[in-house]
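Worth knowing before you read on, the calculation uses all heavy atoms, side chains too, and leaves out hydrogens, waters and symmetry mates. Naming convention: chains lettered A, B, ... in sequence-line order (proteins, then strands); numbering from 1 in each chain. Not measured: the values here are computed from a predicted model.
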Amino acid sequence: MNALESSQFQSFAQKILNELKSDEELTLNFSGEKTLFSRFSNAKVRQVTNLEQAGIDFNFIKGNRTLSFSIPFQASELDFSLALKKLNQSREWIVTLPEDPYLVRPQHFGETKEENLPHLPHNDEMISMVLSEASHVDLAGVFSSGDIVRGTSNSKGQSHWFKTRNFYLDYSLYNEKQKAVKSLYAGSTFDSKELKRNIREAEFKLSLMNRESKKVPRGEYRVYLAPSAVSELMGTLSWGGVSMAAHQQGNGSLKDLWQQKKKLSPKFTLEEDFSLGLSPRFNEAGEVSPNRLPLIENGEFKNFLVSSRTANEYKLESNFASDWESMRSPVMHSGDLKRDDVLKELNTGLFISDLHYLNWSDRETARITGMTRYACFWIENGEIVAPILDLRFDESYYSIFGENLERVTDFKELNPSTGSYFQRDVGGSQTPGVLVSNFKFTL
Amino acid sequence: MKLKNLLDSLTDLKVEYLSLREVHTKSLSLSVRNEVFEGLGHNEDHGLMIEVMMNGQLAYGATNSFSPEAVRACALETIEAAIKASKFSLSKFSLEERPKTVGEYKSPGQISFDDFKPKTWSDLLMSLSANMKIHEHVISRSAALLVTEMQTHFVATNGSDIKQTIHRSAIQMSAVASSEKGSQRRSYGDDQSTQFGLDHFNKTHLEAQAKKIAEEALLLLNAEECPTETMDLLLAPDQLYLQIHESIGHPLELDRILGDERNYAGWSFVKPDDFGTLKYGSSLMNVTFDPTVVGQYASYFADDIGNKAKREFLIKDGVLLRGLGSLESQKRLGLPGVASQRATSWNRAPIDRMANVNLEPGNSSLEDMIKSVKRGIFMRTNRSWSIDDYRNKFQFGCEFAQLIEDGKLTKIVKNPNYRGITAPFWNQLKMVGDKSTFEIGGLSNCGKGEPNQVIFVGHASPVCLFSQIEVFGGGK
């Protein structure tokens, strides 16, 4: 089966598009993957799964009515007969449905084809190298590698195709006290030396966790949030933070910024930047987003993500966001704090490598709660004193990235998404670290 | 080709064990917002998971192609993966972890997708949206119908043959009121999915609920902020579902206790030695794993490796007895578990999961619980949740709350939140509501595992009273 070849999808798309009647329109949205997942615990294999899957979502329009359907895709004759059955069912149903005043009609946004398929060693080789390098440490995590595909085609003749081959080792190492550090080795070129360097660096960080943990009482502290912690915070902004629809419908969390009643720090700039190359620029409808879209610039509101449907409803201009108006390739701009100066500038406070399980505690005031996780340390006079017992924070974006944002690092880290609900994600973020004063810990 | 025939076509392969799990899912969704029909989706997914045991190592291969050639190729690839992985096995398994089970299950609700009439349901959703239109400040009025049919057929070389057909349905609504004072959301049904059919929905009841959530959103808009103080906390079932889920269900998963989930979902404060001894909560606390409740969201006959499911006490009279763990985890830990090795769908390997995890009713009436409180708060409907990776320090927010003063419900307050630590919190359980306060719910979005999996779980609970909990409101 070669369901992940563009020719298979294009040929299927043409065949089903040929079935359309003159007053019908159709958009096809393809996704697929061939992936190996190998799960580790104690640097041994817990489960291994080889997966090949593909599917197509269809958006069907007749007159001013719309509906959607989806099928699995296996590059056989069965696909067409199932799609035709669904199309005929849709024809029967659509005429009974109310009209949709905000429907988004397919357009011709051009044709693109992007394939990045570098050579990777055989999966067994890569797994053996990982387990060999980690044979003397307690490693837990997942190794994943393979091809990911996204594609789209519509009745206006538009066609886009994105296929990428990559891998990631998303892991954490544990000491005897069960304190842990987190790391990620990911990319499209597997280099055994780089793998070794990555694991050795994590081991070094783990050695710092051997000191007795310090219980820090709740209160306000000066903190350094490492790039991965900042990435978590940016991720939560995708949950109603930068969506225009969420704000129009009363569910947004940066309303005061949008309405220009509040500003964030001039040191804070956030944009969608597809030049990261982790995510296709086209969305579910095949609309191609701008390569860069400033969202918040020097602390001031510039744009929220606006899908074409939101644009139709609220009479705005679309920036071709995804249906959910979530960020696909967020980049926070760097500042001037040098890596070597981070602890010195923090002086006394908390070094926080990772955050966990974030959620809004009050959207109205952009307040968010969550936990510290992994390698977090108590720092005194610019020196690491001890790892900390995990703390819960409850703090507003207006404080973290506003009045209390002191410095932003001059380096950024790339955080490719390792999410795999339903299918392996594309996308990711790039974030610097930040120095923040009076950060509130509540438990 | 029928699944049994596909299995027969693989009998020449030399394996210790091989199973085929076919999952065919159909779903329908309709949604309306502000009396505008937003769309109908009818989706279908169909695929096959092959599980192989070689040298005691389990490996999985997933494909959505059912041709004998594709299935054979997938099986061969899976066998090879199992052999190679067996050099690095974390644990070795045997046929003892793969019992022979034969049986069938059908959920009480049966929904015919072929006879589905979209107009009937779009009309209902339009009406629900219109029922929320009671004031210009109610700016967002949403209603949605979600229907799923999941057919699973499981066959294995040990003779197992299990067919399960599960229909699920839910109607969800939300009303957002917004003014210069801010925005407040009230919802209905996000946690009330069941295995009942479409005839389970009562239009009159739903319309009344639609109006009620709009009214409550407006009341919240003008309400005072929830106070910050330590007080008695009365929780409704639609908040307790999440409290049970996060602070009982997840920490009792044996794979978390074993450390398999350390890198993603986290592990647990519960240690293997705690079973049989840990005073998890007050003596009023009784929690069951019960996949036999008729119509509850995660009821089933057997889990996804063919282990027959039955009701078990996890916590009895406050003492921890049993974890949520598969036969594999039970073997690794030497502890009892339950039939809960479940997968999201055909494309994921089964892992330790919750199914229906329920807090059993007690003896107190709602009136008696309220009367007993000098100063406290009654919170309803979850809106925010967060807990640490050991499942200790939690914080929850609710949509709606009312103060309790001198034994009476008084002021409505907005943005209610509370926080605590799992075992001390459950040990502060002071009164447990009787059957009249008991409600059954279901959640669709339980995330866990590497690769990630999201699965449906059921929870049921009476109203419960906790003494002296940290409560606080919103604002900067």
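- By the 4.5 Å heavy-atom criterion applied to side chains, B:H42 and A:L67 are counted as neighbours.
- A salt bridge links B:R33 to A:E313: at least one charged side-chain nitrogen sits closer than 4.0 Å to a carboxylate oxygen.
- Within a 6.0 Å radius of CD in A:E77, other residues, nucleotides and ligands contribute 12 heavy atoms or fewer.
- By the 4.5 Å heavy-atom criterion applied to side chains, B:F472 and A:T442 are not counted as neighbours.
- For A:S361, the parts lying near chain B are the backbone and the side chain together; criterion is any non-hydrogen pair under 4.5 Å.
- Of the atoms belonging to B:E328, it is side-chain heavy atoms, and not backbone ones, that fall under 4.5 Å from chain A.
- Interface remark: A:L443 contributes backbone and side-chain atoms alike to the contact with chain B (heavy atom separation under 4.5 Å).
- A:S90 touches chain B through backbone and side chain together, each having a heavy atom under 4.5 Å away.
- Heavy atoms of A:L36 lying under 4.5 Å from chain B are absent altogether.
- Ion pairing of A:R46 with B:E450 is absent here, as no side-chain N (NZ or NE/NH1/NH2) approaches a carboxylate O to less than 4.0 Å.
- A:K255 places no side-chain N or O within 3.5 Å of a backbone atom of B:S183 that could act as its donor or acceptor partner.
- Only the side chain of A:E364 comes within contact range of chain B, judged by heavy atoms closer than 4.5 Å.
- Shown here is B:K92, whose NZ atom has more than 12 heavy atoms of other residues, nucleotides or ligands within 6.0 Å.
- In this structure, the portion of B:N415 lying under 4.5 Å from any heavy atom of chain A is its side chain and not its backbone.
- Smallest separation of non-hydrogen atoms from A:A140 and B:G259: CB-O, 4.5 Å.
- B:I50 does not touch chain A: none of its heavy atoms, backbone or side chain, sits under 4.5 Å away.
- Under the 4.5 Å side-chain criterion, counting only non-hydrogen atoms from C-beta, B:K393 is not in contact with A:D390.
- In summary, the side chains of B:Y390 and A:Q178 do not present any donor paired with an acceptor at a separation below 3.5 Å, with no hydrogens or angles considered.
- When heavy atoms are compared at a cutoff of 4.5 Å, B:R141 does not approach chain A at all.
- Judged by distance alone, with hydrogens and angles left aside, the side-chain atoms of B:N263 form a donor-acceptor pair with the main-chain N or O of A:D170 at under 3.5 Å.
- Put simply, of B:G39, B:A81, B:G182, the one with the most heavy-atom pairs under 4.5 Å next to chain A is B:G182.
- A:L131 places none of its side-chain heavy atoms less than 4.5 Å from the side chain of B:K87.
- Using a 4.5 Å cut-off between heavy atoms, A:R309 contacts chain B through its side chain alone, with no backbone atom that close.
- In this structure, no portion of B:E35 lies under 4.5 Å from any heavy atom of chain A.
- Heavy-atom distances place both the backbone and the side chain of B:L40 under 4.5 Å from chain A.
- When heavy atoms are compared at a cutoff of 4.5 Å, B:N347 approaches chain A by way of both its backbone and its side chain.
- In this structure, chain B has a heavy atom under 4.5 Å from the side chain of A:S399, while its backbone stays farther away.
- For A:T49 (side chain) and B:Y60 (main-chain N/O), no donor-acceptor pair under 3.5 Å exists by modelled atom type.
- Contacts between B:K84 and chain A at a heavy-atom distance below 4.5 Å involve the side chain alone, from C-beta outward.
- For the pair A:N50 (side chain) and B:G61 (backbone), a donor-acceptor distance under 3.5 Å is absent.
- Under the 4.5 Å side-chain criterion, counting only non-hydrogen atoms from C-beta, B:R185 is in contact with A:N251.
- The main-chain N or O of B:L58 is never found under 3.5 Å from a side-chain atom of A:Q47 such that the two would form a donor-acceptor pair.
- Side-chain atoms of B:N64 never come within 3.5 Å of backbone atoms of A:Q74 as a donor-acceptor pair (strictly under, hydrogens ignored).
- If you tally non-hydrogen atom pairs under 4.5 Å between each of B:N392, B:I139, B:D388 and chain A, the highest count goes to B:D388.
- Of the two parts of A:D124, only the side chain, counted from C-beta on, holds a non-hydrogen atom closer than 4.5 Å to a non-hydrogen atom of chain B.
- Across all non-hydrogen atoms, the minimal contact from A:P101 to B:V36 is CD-CG1, 3.5 Å.
- Proximity to chain A is limited to the side chain of B:W267, based on heavy atoms less than 4.5 angstrom apart.
- At a threshold of 4.0 Å, the pair A:R218-B:E470 counts as salt-bridged, since one of the basic side-chain nitrogens sits closer than that to a carboxylate oxygen.
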**Message:** Apply side chain to side chain donor-acceptor pair (under 3.5 Å) to residues A:R392 and B:S386 and explain how you reach the verdict.
**Reply:** CA-CA 9 Å; A:R392 171 166 294 287; B:S386 174; 3.0 Å; yes

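- Both the backbone and the side chain of B:V454 come within contact range of chain A, with heavy atoms under 4.5 Å apart.
- Contacts between B:F113 and chain A at a heavy-atom distance below 4.5 Å involve the backbone alone (N, CA, C, O).
- Only the side chain of A:Y102 comes within contact range of chain B, judged by heavy atoms closer than 4.5 Å.
- Neither the backbone nor the side chain of B:Q184 comes within contact range of chain A, judged by heavy atoms closer than 4.5 Å.
- Looking only at side-chain heavy atoms (C-beta outward), B:D389 and A:Y357 stay at 4.5 Å or farther from each other.
- Heavy atoms closer than 4.5 Å to chain B are found nowhere in A:T35, neither backbone nor side chain.
- With a 4.5 angstrom heavy-atom cutoff, A:F58 does not touch chain B via any of its atoms.
- Only the backbone of B:A265 has a heavy atom closer than 4.5 Å to any heavy atom of chain A.
- A:S132 contributes atom OG, which lies 8.0 Å from atom CZ of B:F88 (distance to the nearest 0.5 angstrom).
- With contacts defined as side-chain heavy-atom distances shorter than 4.5 Å, the pair B:F116/A:W93 qualifies.
- One finds a salt bridge joining A:D138 and B:R262 here, because a Lys/Arg side-chain nitrogen approaches an Asp/Glu carboxylate oxygen to under 4.0 Å.
- Heavy atoms of A:Q248 lying under 4.5 Å from chain B belong exclusively to its backbone.
- With a 4.5 angstrom heavy-atom cutoff, A:Y174 touches chain B only via side-chain atoms.
- Contact check for A:F422 versus B:S345: no side-chain heavy atoms found under the 4.5 Å cut-off.
- With rounding to the nearest 0.5 Å, the separation of CG in A:N42 from CG in B:L90 is 5.5 Å.
- When the candidates B:K119, B:E69, B:K117, B:E51 are compared by the number of heavy-atom contacts under 4.5 Å with chain A, B:K119 comes out ahead.
- B:K414 does not touch chain A: none of its heavy atoms, backbone or side chain, sits under 4.5 Å away.
- The parts of A:Y421 that come within reach of chain B are both its backbone and its side chain, each placing non-hydrogen atoms under 4.5 angstrom from that chain.
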